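Numbering of ligands and ligand atoms starts at 1, following listing order. Fair warning: this is a prediction, and the values are worked out from it, not measured in the lab.
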Amino acid sequence: MANTQIAAARAGTVTDAMERVAEREHRDSEFVRKQIADGQAVIPANRHHDALDPMIIGREFATKVNANIGNSETTSDLETELEKLHTAVHYGADTVMDLGTGSDLDEIRETHLEYSPVPLGTVPLYEAVKRAGSPEDLTPELLLEVIEKQARQGVDYMTIHAGILAEHLPLTDGRKTGIVSRGGSIMASWMETHGEQNPLFQVYDEICEIFAEHDVTFSLGDSLRPGCLADTCDEAQYAELDTLGELTRRAWDHDVQVMVEGPGHVPMNKVAENVERQQSICDGAPFYVLGPLVTDIAPGYDHITSAIGAAMAAQAGAAMLCYVTPKEHLGLPTEEDVRDGLAAYRIAAHAGDVGNGRPGARDWDDALSEARYEFDWREQFALALDPDRAREYHDQTLPEDNYKDARFCSMCGVEFCSMRIDQDARDLESGEMAALETTTDLEASAAAAVNLPPVGTHDSSGDFLELADSIGDDAARGRSSEDSSTQGASDD
Ligand code: SF4
């Protein structure tokens, strides 16, 4: 029997990882086990990733957010890559994908795994292309060698572009933007050059055996995702999805966990259709969507265009959202772009959870609203999704400390502050405002950890502080201790 979470679940065993995610999600561990056994959720937890704090991805659990990091040929050093990991975890990434294509990939990956409390994902195809020298020189043997090495290193989940087949390629001919997935374009180029079937499809069962040995989770890549609204839901996209459904079942036959990646660029009226179709064809395997961007017109603001689609996808049943930064389509994101992208996606994920009525998800909203109506500015900042940003914006116009007790802000001013006017009127009528008090107790909330502040889910963990030390980030340490002491809702 494979030594994987799904194999254990199918055998009726509740593993330590299942116990831990049950605790973080406030769910019954037997329910977690059943969801894993049925393939409806995954716990990406490679047996060699010792620093991992297990988490779960599935539509019955809090919606998760992934952040992509990684170097390129032009920007590449270990310290910078560790800072990217720290920034992603600090601002609330539930998983991180290292899409590095620069130098020192092994050292960077191993260091990430040494420190990262969140699951780490990769696209092994990128390293294989670097080693081969060009997409055309890839071989099935080299792909397997790289996949096995990364599995031994401890990578928790890997994007495998096995669903794009030679017979799908003519279906992309009439597209406005062709094949926009990096991995998809590499596989298509290889198939056209060699006149053979996708090598990842050829060796899929061998990949399953490697994944079963180390407990790596599949993230089945959507190589033919639409790159613009005009290409949405076309024959090519849905033909590949049918193959991804077959590959899902083949992985399950090997006792390997699976999630399936999804688009891309999708207009609002097609978002739910995409989720429902994937759920039907892939028998409920968790859907991991990139955005989707609901319009193509806003380069520079694609964290917003895509967060709209992401919130809709979350409400329709997507389990994890891959963030998009303002730099999408334009360049490598900076730290500030990562912060903005993660904020947009934490909002989308939380909004989806509130819309879906996840137990306790709205408690955070209620607690913040109560602080707002009480003019408890310090508490409002502390509860904000990005406390530093909220405080900074308030203090731009009213920086003095006495304004932290003011019954107005600079938006409407003292005379026209509607909440102040409303409270005064109620006080005059009945004196009821004297009894105004907070009623939402976040300590007692049934919400999953990701639905409670602070957003950075691992800020106070020892590993995180060790990581902060390693990159000399005093600011991170300050934020960590402040958050855990003032908000008291850290899950670690
Ligand atoms: S001044 Fe306006 S924005 Fe500011 S607290 Fe009062 S009602 Fe809200």
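- Atoms of ligand 1 lying under 4.0 Å from at least one heavy atom of S418, given by number and element, are 7 (S).
- Using cut-offs of 30° and 60° on the angle between ring planes, the pair W377 and H394 is tilted.
- Taking 2.8 Å as the threshold, C412 counts as a candidate ligand of atom 2 (Fe) of ligand 1, since one of its N, O or S atoms lies below it.
- For the pair H329 and D296, the minimum side-chain heavy-atom distance is 4.5 Å or more.
- Between Y288 and Y157, the two ring planes are perpendicular [angle over 60°; tilted spans 30° to 60°].
- The distance from ligand 1 to the heavy atoms of C409 drops below 4.0 Å at these ligand atoms: 1 (S), 3 (S), 4 (Fe).
- Under a cutoff of 6.0 Å and an axis angle of 45°, R277 and Y238 form a cation-pi pair.
- With ligand atoms numbered from 1 in the order given, ligand 1 contributes 5 (S) to contacts under 4.0 Å with heavy atoms of F375.
- Of the protein's non-hydrogen atoms, the one nearest atom 6 (Fe) of ligand 1 is C417 SG, 2.3 Å.
- For Y91 and Y323, the gap between ring centers reaches or exceeds 6.0 Å.
- The nearest heavy-atom contact from the protein to atom 8 (Fe) of ligand 1 is M419 CE, 4.0 Å.
- Aromatic ring centres of H112 and H49: separated by at least 6.0 Å.
- Atoms of ligand 1 found under 4.0 Å from any heavy atom of M411, numbered from 1 in the order shown, are 3 (S).
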